[in-house]
A.B. asks: 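Supplied in structure tokens, the structure appears directly below.
Treat the numbers as computed from the prediction; the structure is a model and nothing was measured.
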Amino acid sequence: MNTKICERFGKRLKELREDKNYTQDELASIVNVHQTYIGKLETGKSNPSLLLIYKLTKALDVTLYKFFEFEK
């Protein structure tokens with residue numbers, strides 16, 4: 001697993017979640033996962049499935065393109 005991409009993904013997830021003023025627990029409830037899993041995603045310790053990425057984009061009201069718009 002490429003940890004660099006997971007870390008970048010996690011940082012972006014946290015930014016978008018905070019922009020929506022969601023707690024980890026609130027976002028987890030919306031996408032039907034446990035809060036600790038959101039925490040693992042945000043720290044780059046877990047690699048999400050494509051289905052979960054889709055659910056996250058819907059919950060955060062962003063496109064896939066916007067979601068993967070990482071800082072360089």
A.B. asks: So for atom NZ, which belongs to Lys55, do other residues, nucleotides or ligands contribute more than 12 heavy atoms lying within a distance under 6.0 Å?
C.D. replies: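 Enclosed.
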A.B. asks: Is Glu7 salt-bridged to Lys4, cutoff N-O under 4.0 Å?
C.D. replies: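 Looking at Lys4 together with Glu7, the answer is no, because their closest N to O distance does not fall below 4.0 Å.
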A.B. asks: More than 12 heavy atoms of other residues, nucleotides or ligands under 6.0 Å from CZ of Phe68: is that the case?
C.D. replies: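 Yes, the 6.0 Å shell around CZ holds more than 12 heavy atoms from other groups.
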A.B. asks: List the atom of Leu41, the atom of Ser46, and the distance in Å for their closest heavy-atom pair.
C.D. replies: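 Heavy atoms of Leu41 and Ser46 come nearest at CD2-O, 3.7 Å.
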A.B. asks: Over all heavy atoms of both residues, which pair between Asp61 and Lys20 is shortest? Give the atoms and the distance, please.
C.D. replies: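 Closest approach of Asp61 to Lys20, heavy atoms only: CB-NZ, 3.7 Å.
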A.B. asks: Using modelled atom types and a 3.5 Å cut-off, is there a donor and acceptor pairing between side-chain atoms of Thr57 and backbone atoms of Tyr54?
C.D. replies: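 Yes, the answer is positive, given that a donor and an acceptor are paired below the 3.5 Å cut-off.
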A.B. asks: Check whether any side-chain heavy atom of Leu56 lies under 4.5 Å from a side-chain heavy atom of Leu16, and answer yes or no.
C.D. replies: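 No, every pair of side-chain atoms sits at 4.5 Å or beyond.
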A.B. asks: When rounded to the nearest 0.5 angstrom, what is the spacing between OG1 in Thr36 and CG in Asp25?
C.D. replies: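 Reported to 0.5 Å precision, the distance equals 10.0 Å.
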A.B. asks: To the closest 0.5 Å, what do you measure between CD1 (Ile53) and CG (Asn47)?
C.D. replies: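 CG of Asn47 is found 7.5 Å from CD1 of Ile53.
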A.B. asks: Are Arg17 and Glu42 close enough for a salt bridge, meaning some N to O gap below 4.0 Å?
C.D. replies: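 Judged by the 4.0 Å cut-off on N to carboxylate O distance, Arg17 and Glu42 do form a salt bridge.
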A.B. asks: Got Val31 and Tyr37 here, is their nearest side-chain heavy-atom distance under 4.5 Å?
C.D. replies: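 Side-chain contact under 4.5 Å: no.
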A.B. asks: Testing the basics here: between Thr63 and Lys66, what is the closest heavy-atom pair and its distance to 0.1 Å?
C.D. replies: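 Distance-wise, the nearest heavy atoms are OG1-N, 2.9 Å.
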A.B. asks: CG of Leu27 to CG of Asn32: how many Å apart, nearest 0.5 Å?
C.D. replies: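 These two atoms lie 11.5 Å from each other.
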A.B. asks: If every non-hydrogen atom of Gln24 is compared with every non-hydrogen atom of Gly39, which pair is closest and at what distance?
C.D. replies: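 Scanning both residues, the minimum pair turns out to be NE2-CA, 3.6 Å.
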A.B. asks: Are the side chains of Val62 and Asp19 in touch, meaning some heavy atoms are under 4.5 Å apart?
C.D. replies: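 A side-chain contact under 4.5 Å is absent here.
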A.B. asks: Once you round to the nearest 0.5 Å, how far does CG of Leu13 lie from SG of Cys6?
C.D. replies: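 With rounding to 0.5 Å, CG (Leu13) is 12.0 Å from SG (Cys6).
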